[in-house]
J.: 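Just dropping this structure here.
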Amino acid sequence: MKRWRPRPDERERVARIWQALADTYPDARTELAFGNPFELLCAVILSAQCTDVRVNLVTPGLFRRFPDARALASADVAEVAALIRSCGLWPAKSRNLVAMAGMLVARHRGEVPDTREALEALPGVGRKTANVVLAQAFGVPALAVDTHVFRVARRLGLSRARDVLGVEEDLGIRLPQESWAEGHHWLILHGRRVCVARKPRCASCSLAADCPGAEPW
DNA sequence: ATCCCGAGGG
DNA sequence: CCCTCTGGAT
């Protein structure tokens, strides 16, 4: 089995893409600002299938009532559900939040672990959520690939954009070291504002010069 | 009607 | 691989 290597021209293209995203979305860092890894982890779990606006609406109340893993671990699931109801998927999310906090207390002294294995072992935490926490809370090079990121990568025609791992590798090769925390947000914003699912606004896309599918779609 | 800052389960 | 779970946006 031959080891995959990015072609030089694609490396340069990806570098240009990151630069364009950085220039286009200088406001990305402030969109999700949380005080500690615990709050970040909870907020990312809440954000599944739901906009950041609604997440930011419920998190203040949630964290005031349950400030840390120890408090949340002994919470009544129904009370958590009531606090996060407007975020959607609340049956699973509330159950997972309490169970997740319980595991933080039982296995990690109430702290958020900093390894992929430990994070993905938490209930309600998959690869995407683990990558967000790794990158934003611990500065670990990990690109979170959600449906927005995946769609953008696919339209850009990146060589391994057939699956999530391929997208991580395609885009990760040229993400600047100091930008791991924001890279994910740039792509999210781009996927929401410009490279939208139904009718992408290619005319006002800052990546159009490097996108093979700029016109049709 | 379709899709989404997913994950778990069949 | 498929499906379901919520509510909101478009």
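Below, each value reflects all heavy atoms present in this structure, side chains not excepted, and no hydrogens, waters or symmetry copies. In the text below, chain A, chain B and the rest are named by the order of the sequence lines, each starting its count at 1. Quick caveat: nothing in here was measured; it's all calculated off a predicted structure.
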J.: Side-chain N or O of Gln49(A) less than 4.0 angstrom from OP1 or OP2 on dT6(C)?
T.: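 Checking Gln49(A) against dT6(C): no side-chain N or O falls below 4.0 Å of OP1 or OP2.
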J.: Is there a continuous path of hydrophobic side-chain contacts, each under 4.5 Å between heavy atoms, that joins Leu189(A) to Val149(A)?
T.: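 Yes, same cluster.
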J.: Please tell me if Arg151(A) has a side-chain N or O lying less than 4.0 Å from either OP1 or OP2 of dC4(B).
T.: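 Checking dC4(B) against Arg151(A), a side-chain N or O does come within under 4.0 Å of OP1 or OP2.
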J.: Considering only side-chain heavy atoms of Arg198(A), which listed nucleotide, dC5(C), dT2(B), dC4(B), is closest?
T.: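 The answer is dT2(B).
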J.: Given dG6(B), dC5(C), dC4(B), identify the nucleotide with an atom nearest to the side chain of Lys128(A).
T.: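 Among dG6(B), dC5(C), dC4(B), the one nearest the side chain of Lys128(A) is dG6(B).
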J.: Assign Val125(A) to base, sugar-phosphate, or nothing according to its heavy-atom contacts below 4.0 angstrom with the strands shown.
T.: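 Sugar-phosphate only.
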J.: Taking only side-chain nitrogens and oxygens of Trp90(A), does any of them come within less than 4.0 Å of OP1 or OP2 of dG7(C)?
T.: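 Yes, Trp90(A) has a side-chain N/O under 4.0 Å of OP1/OP2 on dG7(C).
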J.: Under 3.5 Å, is there a donor on one side chain and an acceptor on the other for Tyr25(A) and His190(A)?
T.: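 Yes.
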J.: Does any donor-acceptor pair link the side chain of Arg85(A) with the base of dT6(C) at a separation under 3.5 Å?
T.: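 Checked by distance alone, the answer is no.
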J.: Would you list the pairs meeting salt bridge (Lys or Arg N to Asp or Glu O under 4.0 Å) in which at least one residue belongs to residues 72-99 of chain A, sequence neighbours left out?
T.: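 As it turns out, the salt bridge (Lys or Arg N to Asp or Glu O under 4.0 Å) pairs with a partner in residues 72-99 of chain A, which skip direct neighbours, are Arg65(A)-Glu79(A).
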J.: Under 4.0 Å from OP1 or OP2 of dC3(B): is there any side-chain N or O of Thr147(A) that close?
T.: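 No, outside the criterion.
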J.: Would you call Arg193(A) and Asp27(A) a salt bridge, using N to O less than 4.0 angstrom?
T.: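 Yes.
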J.: When all nucleic acid strands are considered with a 4.0 Å heavy-atom cut-off, which category describes Thr51(A): base, sugar-phosphate, or nothing?
T.: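 Here Thr51(A) touches no strand at all.
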